[in-house]
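Please read the structure below before turning to the comments.
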Amino acid sequence: LFSFGRKLDETFLEELEEVLYNSDLGPVGTRIVEDLKESYRKREVKEVAEVPAFLRRRLLHRLAGSEAPLVSAPQGPTVVLIVGVNGSGKTTSIAKLAAHLKKQGKSVLLGAGDTFRAAAVEQLTRWAERLGIPIVKQPTGADPAAVAFDAVAAAVARKVDYLLLDTAGRLHTQKNLMAELEKVVRVVKKQLPDAPHETLLVLDATTGQNAIRQASEFAQSAPVTGLILAKMDGTAKGGAFFGIREVLPVPVKFLGVGEGVEDLEPFAVEGYVDAILT
Amino acid sequence: SLAGALGKAYRAIVGQKVLTESNIEDGIRAVRQALLEADVNFQVAKEFVADVKRRALGLDVIKAVEPGQQFIKCFHDALTDLLLGGQAQGLPVAPQAPLVLMMCGLQGSGKTTTCAKLALWLRKNKKKNPLLVAADLQRPAAVDQLQALGKQLNIAVYAEPTTARPPEVCRRGLEHARTRQHDVVILDTAGRLHIDEPLMKELQQIHDLCKPHGVLLVCDSMLGQDAVNSAKEFHARLPLHGLVLTKVDGDARGGAALSIVKVTGRPILFAGVGEKPDDLEEFDPPRMAGRILG
Ligand SMILES: Nc1nc2c(ncn2[C@@H]2O[C@H](COP(=O)(O)OP(=O)(O)OP(=O)(O)O)[C@@H](O)[C@H]2O)c(=O)[nH]1
Ligand SMILES: Nc1nc2c(ncn2[C@@H]2O[C@H](COP(=O)(O)OP(=O)(O)OP(=O)(O)O)[C@@H](O)[C@H]2O)c(=O)[nH]1
Ligand SMILES: [Mg+2]
Ligand SMILES: [Mg+2]
């Protein structure tokens with residue numbers, strides 16, 4: 001695309017739009033190409049060789065402030081609520097986050113808040129056993145708010161550093177399930193006024209523009225404070241994050257880069273942008 | 001909405017006899033924009049729009065129909081045809097029982113849930129006696145998940161300890177099916193990345209050993225541009241019979257469906273429309289076409 005001596009013409013702009021579009025930037029990509037056209041017209045960008053640097057600046061500018069570490073409550077357990085649509089990678093991300101925190105010498109408690117899906121409690125329990133981390137759970141079919149209540153109570157009683165609370169996958173179009181999520185948040189807040197201290201929305205990096213809907217809708221029902229972009233080890237670039245930034249400017253705390261317990265990385269904006277421009 | 005955008009673009013057609021290159025230019029651009037916003041692949045959208053433009057040019061403007069509507073209908077019909085693909089063929093028919101179906105796809109796409117749904121659908125609608133085979137031995141409690149679903153629906157599940165290897169589990173599952181008079185076997189495989197060489201090879205090993213009559217690629221309807229990358233690779237590695245689109249009960253426009261059908265040349269046979277076992281429908285191309293166009 002940026003080969004030497006290439007003209008900055010309509011064909012180039014369309015190819016560039018396609019490259020950005022292929023990374024799921026959607027309308028944001030179109031807008032960036034419009035900005036480039038404008039800068040070219042104003043002679044701020046004079047030739048194709050200057051385009052990569054222009055793009056990099058623009059993309060980094062849009063993501064300014066999008067990195068942040070996991071929060072830590074000033075006192076008492078830090079309650080981390082994990083939410084997101086079905087199959088996005090919530091339960092696996094919790095296992096990875098738990099392992100990461102344990103490695104840092106923190107004490108962790110897991111809450112098996114998905115009481116709906118077949119073998120969801122079993123799945124998180126297997127992870128808990130593998131990691132040697134305690135878990136609060138009830139049988140499938142129990143009220144998720146009841147599990148949340150028990151988990152927070154246990155976290156306080158055992159004086160753990162972190163409580164990671166799993167929730168069932170749900171589509172934001174399911175009003176009753178979004179109401180259920182609101183109830184879980186209320187129950188947690190009632191016990192610890194500042195909780196959940198962190199609510200992480202787990203997004204599948206292969207998701208297209210619907211990720212923007214997910215972000216804005218989930219933020220209506222839970223105090224989303226950050227994102228986890230899972231499955232970034234595939235060929236998807238997770239570019240929907242640019243669109244999300246315009247409706248929900250919260251940081252990406254971690255990237256999921258595989259199915260193993262070690263496959264969690266802190267989000268690094270430069271690497272993320274470079275991958276899109278490669 | 002597309003209808004709104006086309007309504008504006010169609011002042012040019014009012015009073016015209018025929019759809020021409022110039023009077024449909026704005027409309028073409030509006031449709032292409034709608035497709036891109038719906039997550040349709042860039043090249044697929046380009047080719048599709050060019051193709052419909054060829055069909056639309058020279059069409060007489062039907063007096064009784066609002067030109068914008070006629071134009072939308074042209075696209076809607078073309079999109080429906082494309083999505084219809086070879087749907088008429090449905091699931092494969094086995095020359096002798098059992099019919100063996102193999103589910104594959106990316107992580108979290110809905111394979112395990114779809115296996116259970118499909119088994120229930122086959123029992124209810126085709127009077128089959130299905131066997132589910134739990135061949136995902138790597139995800140924690142994946143076997144438990146399929147067994148729990150089987151128990152819930154009173155559908156037989158063949159499972160082994162997770163120390164076993166998926167190809168052998170599938171082969172023994174087939175033998176088990178024959179001894180128990182099951183006439184359909186559905187193999188649930190682990191989610192995997194299309195770029196994971198060892199796991200893609202494992203899928204081919206399962207295929208070579210069990211010779212399924214149909215391989216179904218299970219795809220999440222909210223997939224973005226990466227849909228063509230994964231679909232192309234699965235299609236290159238395995239003879240795909242058809243596709244299942246899941247989580248259609250969400251509000252993703254579903255443009256990935258169009259892209260995947262286009263690059264694999266295979267039809268979408270079913271749509272997952274919820275988490276419950278009976279939330280499986282035969283795919284409805286005209287309805288999906290309307291949804292993609294927005
Ligand atoms: N390659 C890859 N796979 C992942 C990643 N994160 C999760 N997965 C896989 O994605 C699938 C779904 O993960 P889960 O953790 O069960 O997802 P979930 O959001 O809890 O799913 P539900 O509870 O059913 O909504 C599993 O096969 C995981 O191993 C990741 O970062 N990379
Ligand atoms: N709303 C909705 N949820 C679905 C649908 N199909 C599957 N799910 C949910 O999506 C999540 C993932 O489903 P699974 O069946 O575990 O997906 P999978 O492809 O087997 O996952 P891996 O084995 O980890 O690759 C679960 O929470 C399912 O209940 C659907 O059509 N609609
Ligand atoms: Mg889960
Ligand atoms: Mg599965």
Side-chain angles (χ1 to χ4, degrees), chain A residues 14 17-27 29-30 85-92 95 116-130 140 168-174 177 204-211 213-214 217 230-231 233-240 258-259, chain B residues 33 36-43 45-46 106-113 116 138-152 162 190-196 219-230 233 246-247 249-256 272 274-275 277:
Chain A
E14 178 170 301
E17 183 174 7
E18 182 173 0
V19 165
L20 296 178
Y21 185 76
N22 286 346
S23 293
D24 285 316
L25 264 73
T30 308
V85 302
N86 308 73
S88 64
K90 298 176 291 301
T91 305
T92 310
F116 172 75
R117 204 207 69 212
V121 174
E122 285 76 357
Q123 184 185 4
L124 192 60
T125 302
R126 292 282 155 77
W127 280 117
E129 289 165 353
R130 263 188 223 183
T140 299
R170 71 202 67 222
L171 296 183
H172 48 282
T173 46
Q174 293 155 328
L177 295 185
D204 188 326
T206 63
T207 301
Q209 298 304 300
N210 194 250
R213 287 280 300 151
Q214 291 174 25
E217 292 298 303
K231 309 177 196 173
D233 47 315
T235 49
K237 304 290 174 75
E259 300 190 68
Chain B
Q33 193 55 35
L36 295 184
E37 285 168 13
D39 290 327
V40 176
N41 173 262
F42 200 92
Q43 286 302 330
K46 202 170 167 190
L106 296 174
Q107 290 91 345
S109 59
K111 297 174 293 301
T112 304
T113 310
Q138 70 189 41
R139 168 173 149 159
V143 172
D144 303 58
Q145 185 184 3
L146 197 63
Q147 284 177 317
L149 289 169
K151 186 147 172 270
Q152 186 187 338
T162 58
R192 66 204 65 214
L193 294 178
H194 53 290
I195 52 172
D196 187 327
C219 307
D220 195 322
S221 60
M222 59 184 94
L223 282 175
Q225 294 306 302
D226 197 54
V228 294
N229 298 330
S230 48
E233 189 58 29
T246 61
K247 307 173 204 172
D249 46 314
D251 59 6
R253 293 268 290 277
E275 291 193 77

**Item:** Qualifying residues under salt bridge (Lys or Arg N to Asp or Glu O under 4.0 Å), relative to A/Arg213, sequence neighbours excluded
**Value:** A/Glu217, B/Asp251

**Complete:** Across all chains, not counting sequence neighbours, the salt bridge (Lys or Arg N to Asp or Glu O under 4.0 Å) partners of B/Asp144 are A/Arg126

**Message:** I'd like to verify something: which residue of A/Gln214, A/Glu122, A/Gln174, A/Arg117 has the highest number of heavy-atom pairs under 4.5 Å with chain B?
**Reply:** A/Arg117

How close do [X] and [Y] get, counting heavy atoms only, and between which atoms?
{"X": "B/Gln138", "Y": "A/Arg130", "answer": "O-NH2, 4.5 Å"}
{"X": "B/Ala148", "Y": "A/Ala118", "answer": "CB-CB, 4.0 Å"}
{"X": "A/Gln209", "Y": "B/Asp39", "answer": "N-OD1, 3.0 Å"}

Value rounded to 0.5 Å, distance of [atom1] in [X] from [atom2] in [Y]:
{"X": "A/Asn86", "Y": "B/Asp220", "atom1": "CG", "atom2": "CG", "value": "8.5 Å"}
{"X": "B/Lys247", "Y": "A/Asn210", "atom1": "NZ", "atom2": "CG", "value": "11.0 Å"}
{"X": "B/Gln107", "Y": "A/Asp204", "atom1": "CD", "atom2": "CG", "value": "8.5 Å"}
{"X": "A/Asn22", "Y": "B/Asn229", "atom1": "CG", "atom2": "CG", "value": "8.0 Å"}
{"X": "A/Thr235", "Y": "B/Glu233", "atom1": "OG1", "atom2": "CD", "value": "9.5 Å"}
{"X": "B/Gln43", "Y": "A/Glu18", "atom1": "CD", "atom2": "CD", "value": "4.5 Å"}

**N/O donor-acceptor pair under 3.5 Å between A/Thr206 side chain and B/Asp226 backbone** = no

**Item:** A/Tyr21 (side chain) donor-acceptor with B/Phe42 (main chain) under 3.5 angstrom
**Value:** no

Please identify, among [options], the residue contributing the most non-hydrogen atom pairs under 4.5 Å to chain A.
{"options": "B/Arg139, B/Lys151, B/Arg253", "answer": "B/Arg139"}
{"options": "B/Val143, B/Thr246, B/Val40, B/Thr113", "answer": "B/Val40"}
{"options": "B/Gln152, B/Glu37, B/His194", "answer": "B/His194"}
{"options": "B/Ala116, B/Gly255, B/Pro140", "answer": "B/Pro140"}

Is [X] in contact with chain A via its backbone, its side chain, both, or neither, using a 4.5 Å heavy-atom distance?
{"X": "B/Leu193", "answer": "side chain"}
{"X": "B/Asp249", "answer": "both"}
{"X": "B/Ile195", "answer": "side chain"}

**Asked** By a 4.5 Å heavy-atom criterion (distance strictly below it), what part of A/Glu259 contacts chain B: side chain, backbone, both, or neither?
**Response** side chain

**Prompt:** Would you call B/Met222 and A/Val85 a side-chain contact if the rule is heavy atoms closer than 4.5 Å?
**Reply:** yes

